[in-house]
Every structure is written in structure tokens, then in C-alpha cells.
Amino acid sequence: MGDKKVLLIIPSAIVARGLESVMDNLGEFRSIGILSDISRTGGNRLRSFDADLIILDPQVLDCETRPSARAFISTLTDVPVVAMATIPLDDETLRQFDEVIGMFDDPTTIIRKLRSAMEARGEAPRAEGEELSAREKEILVCVAKGMLNKEIADLHNISIYTVITHRKNITRKTGIKTVAGLTVYALLNNLIDVNSFE
């Protein structure tokens, strides 16, 4: 799988160094830097890192911006973002992330979750015309039925950002950018039945 570069945005040096140690011991992922906040300056610095993945402690954000943390980060980079939950957080806040690491997760679980986040966000570029995965077909059916990203995320118990990534992959693979076009594609490929529309 190679050496994946991870940017840590964690205010606690102890937690950040602990994550670095886990990644060093198990290989595959390595830290390329630590930011202690995501203020305006931190946001500018975030752009300068060439990370494959970000681990963010939502605690670096105030209570008002926490629910939109992922939206803010997505304006700076489109890499997967994993939450490091060092304090109790509501489900809505955690759902926006590609994966969530708990304080008591063992090293193997942490690495598994990092891999899962990378896979969910489609780490490898795909060529147009490539076969849709089973999950992408499920998402495509939902899109064709007119479901919103949030509805799709709730139905499949994934983050909205994972839904968006799947939709980008579907568009890249099919070359179709409109919902109407994707609906026709789904019909022509027998993913949905014309009778399912009222």
C-alpha cells in the first residue's frame, strides 16, 4: 500500500506523539507534521502540507464551528479526514468525518480505521469508464431516486463527505455529470426499474 503521509491537527502533544508512535511502529502511515490548531494561520499552513490523510481532534475548533469542521477543511484540501475523539462529541459532529478514532482504540484498530478512511475516499485515481463498485452502484441508485446527500449518508450510515466522494467517483467513471444523465445510466444498466418512478 505504500507510505501514506498523515498530517496531525491535534492540540495535545502527548496524543499527537502517541499517534506518531503507533504509525511508526506499524508502518504504512507516517506523520509529516503536527498543527496544534486550525486557526486562519493553521489553515494556510495546512495547504502547504502534501498529506494523504488528516487526523483532526475536533477540540481544536470552538463549539460553533465544530459541526462544520469538515466543510471548512474541504475548502483547503480534499484528502480524507479522521476525527481523533479526545472528548465526548455528538453523533452529528462525528458523522461528518470519514472515520473516528477513539482514545482507547488499540494500534491495530487505529491503522484499520485509517485504511478504511483512505478506501472510503477513493485513494487511487480511477480512469473514466472503469466499472462502478457495489457501493457506488448503491449510491447511484439513491441519486437516481432523487435522494439528497444527507439522506444517502443516513441510509448507508456513512458521512456526507463519503457520499460526495462516491458521487465524484461515479461521475469520473461514467463521464456523466447530471442527475438526469445518471438516472438514464442507472436505467440502461438495469440498476433501477422504470416502474420504480411514479
Side-chain angles (χ1 to χ4, degrees), residues 4 9 38 46 51-58 61 63-85 88-102 105 109 112-198:
K4 302 296 181 212
I9 306 174
I38 191 79
L46 188 146
D52 297 311
L53 177 77
I54 292 173
I55 299 177
L56 168 82
D57 183 345
L61 304 159
C63 291
E64 289 180 19
T65 55
R66 244 178 238 154
S68 60
R70 188 63 181 86
F72 169 71
I73 291 171
S74 68
T75 64
L76 304 171
T77 179
D78 63 354
V79 302
V81 179
V82 174
M84 177 72 222
L89 295 164
D90 62 276
D91 289 343
E92 191 66 30
T93 297
L94 294 177
R95 198 173 306 155
Q96 67 184 306
F97 296 99
D98 296 297
E99 194 57 78
V100 178
I101 297 172
D105 285 350
T109 301
R112 180 182 51 76
K113 287 181 176 183
L114 297 182
R115 284 183 192 143
S116 171
M118 294 290 294
E119 291 166 6
R121 298 283 291 181
E123 69 179 38
R126 296 181 176 109
E128 185 177 315
E130 187 180 333
E131 184 74 23
L132 295 179
S133 70
R135 177 62 100 183
E136 288 164 348
K137 288 177 183 176
E138 291 172 349
I139 302 298
L140 174 57
V141 168
C142 293
V143 170
K145 290 181 177 179
M147 294 176 71
L148 302 173
N149 288 345
K150 180 162 181 19
E151 294 171 323
I152 298 169
D154 290 343
L155 176 68
H156 293 288
N157 200 26
I158 55 178
S159 78
I160 289 175
Y161 298 95
T162 302
V163 172
I164 291 168
T165 297
H166 284 309
R167 289 185 69 163
K168 285 179 185 175
N169 289 340
I170 291 165
T171 297
R172 182 169 53 245
K173 288 179 179 183
T174 63
I176 301 169
K177 296 180 181 177
T178 66
V179 172
L182 290 171
T183 303
V184 171
Y185 178 91
L187 285 165
L188 292 174
N189 288 279
N190 298 318
L191 298 174
I192 54 174
D193 183 23
V194 72
N195 296 325
S196 65
F197 293 98
E198 294 178 4

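- In this structure, M118 and L114 have side chains that are not in contact, with every pair of non-hydrogen atoms separated by 4.5 Å or more.
- Contact record, A83 with P58: CB-CG, 4.1 Å, taken as the closest heavy-atom pair.
- With H156 as reference, E138 is the one residue of H166, E138, E151 to meet the side chain to side chain contact (heavy atoms under 4.5 Å, CB included) rule.
- With rounding to the nearest 0.5 angstrom, the CD atom of E136 is 11.5 Å from the CG atom of L191.
- Put simply, the side chain of D98 never gets that close to the backbone of V82: no donor and acceptor are under 3.5 Å apart.
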Criterion side chain to side chain contact (heavy atoms under 4.5 Å, CB included) on E99 and R115, from CA distance to verdict
CA-CA 10 Å; E99 194 57 78; R115 284 183 192 143; over 6 Å; no

Could you walk me through whether K4 and L53 pass side chain to side chain contact (heavy atoms under 4.5 Å, CB included), step by step?
CA-CA 7 Å; K4 302 296 181 212; L53 177 77; 5.9 Å; no

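- The backbone N or O of R112 lies less than 3.5 Å from no partner atom in the side chain of S116, so there is not a single donor-acceptor pair.
- Separation of atoms CD1 (I139) and CD1 (I158) is listed at 4.0 Å; rounding is to 0.5 Å.
- Here CD1 of I101 is found 4.0 Å from CD1 of I55. Values are rounded to the nearest 0.5 Å.
- Side chains of L187 and I192 form a contact here, defined as non-hydrogen atoms less than 4.5 Å apart.
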Test side chain to side chain contact (heavy atoms under 4.5 Å, CB included) on K168 and T171; report intermediate values, then the result.
CA-CA 5 Å; K168 285 179 185 175; T171 297; 5.7 Å; no

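- Residues K113 and D105 meet the side-chain proximity criterion, which asks for heavy atoms closer than 4.5 Å.
- Looking at T162, V143, D154, V163 one by one, the single match for side chain to side chain contact (heavy atoms under 4.5 Å, CB included) with N149 turns out to be V163.
- Between L140 and I176 there is no side-chain heavy-atom pair separated by less than 4.5 Å.
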Yes or no on side chain to side chain contact (heavy atoms under 4.5 Å, CB included) for L132 and Y185, after CA distance, side-chain angles and deciding distance?
CA-CA 12 Å; L132 295 179; Y185 178 91; 3.8 Å; yes

